[in-house]
Amino acid sequence: MTWRASVLTLFPGMFPGPLGQSLAGRGLDDGLWSLQAQDIRAVATDRHRKVDDTPFGGGAGMVMRPDIVDAALALVADERPAIYLTPRGRPLTQARIRDLAAGPGVVLLCGRFEGVDERVIAARALEEISIGDYVLSGGEPAALVLLDACVRLLPGVMGAADSAGEESFSPGPWAGLLEYPHYTRPAEWQGRTVPDVLLSGHHGAIATWRLAEAQRITRERRPDLWAAYHQAHAAAVASPPPAP
Ligand code: ADE
């Protein structure tokens, strides 16, 4: 069964964009997933095809009208989860991506202007998701991020090019750790060498080195992830996390 994505946007030309390339693009061509970019403006009926209006209560910017957004959703809505991409949403996680990829697909609403009238969010029970604590000019790049993360998990999209078992945010031995450093040929480049252990052929020693490096990098860069990892693996971790 094809995994189906519908995106409601004022800029349908932004899709598939980068998802038309590489593995996601091949998966799209092969029918492993489908993408429908629905122009929200297509449902605007007035002469000027207005989709937004000034906010009640005053203030800067424009708000997308509930009747317009509802009519656009009515064109595509079905049993798939309907998601509104907004910086005030719950943070996107790999766990949510896994669940979405395992389902029938997604309906994504991309906002522009100051946002979307609250009533259509409530009426359609939209799930609000953020891709991070920064503000984009619209939800489209966030929709592309969410779709990319889902599509690479679909059966047949990645092939053997990737092992989901060795990922930072997936269950397994590397759960909760950032990636260890990678090296390839040449063995010496601009005077920089490769750690001896990786050339030693000792698989046990290599695994131990990689785990220690993943732990060091996580401890240095992500105290939040390190604290959670340390709690889950207290016995296996050499040093305690640094004091806050
Ligand atoms: N729209 C604008 N900024 C966003 C963000 N950080 N995440 C999701 N949607 C957005």
Side-chain angles (χ1 to χ4, degrees), residues 3-21 24 33 35-44 50-57 59-73 75-77 80-103 105-154 167-170 178 221-222 224-225:
W3 193 85
R4 293 180 307 119
S6 297
V7 182
L8 304 180
T9 171
L10 291 169
F11 302 95
M14 289 192 191
F15 298 86
L19 299 180
Q21 310 269 321
W33 67 293
L35 177 61
Q36 168 196 20
Q38 171 64 49
D39 187 355
I40 296 171
R41 210 175 290 279
V43 302
K50 248 172 88 79
V51 296
D52 59 331
D53 214 324
T54 54
F56 284 126
M62 301 289 272
V63 178
M64 289 175 78
R65 292 171 52 116
D67 52 341
I68 298 289
V69 172
D70 184 65
L73 279 164
L75 293 176
V76 301
R80 293 170 292 170
I83 294 168
Y84 168 42
L85 294 152
T86 166
R88 74 170 201 187
R90 290 215 171 80
L92 184 57
T93 63
Q94 188 66 24
R96 188 71 189 107
I97 291 292
R98 262 195 307 276
D99 284 349
L100 291 172
V106 286
V107 172
L108 302 178
L109 170 63
C110 301
R112 284 267 149 183
F113 321 114
E114 291 310 298
V116 171
D117 188 289
E118 188 69 21
R119 292 166 295 179
V120 71
I121 298 172
R124 289 275 179 180
L126 301 180
E127 176 182 352
E128 297 182 68
I129 290 183
S130 165
I131 65 158
D133 290 341
Y134 39 81
V135 180
L136 307 168
S137 56
E140 286 82 3
L144 291 168
V145 165
L146 185 151
L147 291 175
D148 180 281
C150 286
V151 165
R152 63 184 285 280
L153 298 183
L154 300 178
E167 282 183 2
S168 302
F169 304 110
S170 296
L178 301 179
R221 299 181 184 176
R222 293 290 300 273
D224 56 330
L225 293 181

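Counting starts at 1 for both ligands and their atoms, following the listed order. As the structure is a prediction and not an experimental result, all values here were calculated from the model.
Remark: side-chain polar atoms of W3 are paired, donor with acceptor, to backbone N or O of L100 under 3.5 angstrom.
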Salt bridge (charged side-chain N to carboxylate O under 4.0 Å, His left out) between R65 and D67: does it pass, once the steps are laid out? CA-CA 6 Å; R65 292 171 52 116; D67 52 341; 2.5 Å; yes

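Contacts classified as salt bridge (Lys or Arg N to Asp or Glu O under 4.0 Å) and involving residues 89-102 (residues at least two apart or in different chains) are given here: R96-E127.
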May I have every N or O pair linking ligand 1 to the protein at under 3.5 Å, one per line with atom names and distance?
unit_1: ligand 1; atom_1: 3 (N); unit_2: L136; atom_2: N; d: 3.0
unit_1: ligand 1; atom_1: 6 (N); unit_2: G132; atom_2: O; d: 3.1
unit_1: ligand 1; atom_1: 6 (N); unit_2: Y134; atom_2: O; d: 2.8
unit_1: ligand 1; atom_1: 7 (N); unit_2: I131; atom_2: N; d: 3.0
unit_1: ligand 1; atom_1: 9 (N); unit_2: T86; atom_2: N; d: 3.2

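Counting heavy atoms of neighbouring residues, nucleotides and ligands inside a 6.0 Å radius, atom CG of D133 does not exceed 12 of them.
Not a single side-chain hydrogen bond (donor to acceptor under 3.5 Å, both in side chains) links Q94 to another residue, sequence neighbours left out.
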Side-chain donor/acceptor pairs under 3.5 Å, residues 109-117, sequence neighbours excluded:
unit_1: R112; atom_1: NE; unit_2: E140; atom_2: OE1; d: 3.2
unit_1: R112; atom_1: NH1; unit_2: S137; atom_2: O; d: 3.4
unit_1: R112; atom_1: NH2; unit_2: E140; atom_2: OE1; d: 2.9
unit_1: D117; atom_1: OD1; unit_2: R119; atom_2: N; d: 2.9
unit_1: D117; atom_1: OD1; unit_2: R119; atom_2: NE; d: 2.9
unit_1: D117; atom_1: OD2; unit_2: R119; atom_2: NH2; d: 2.8

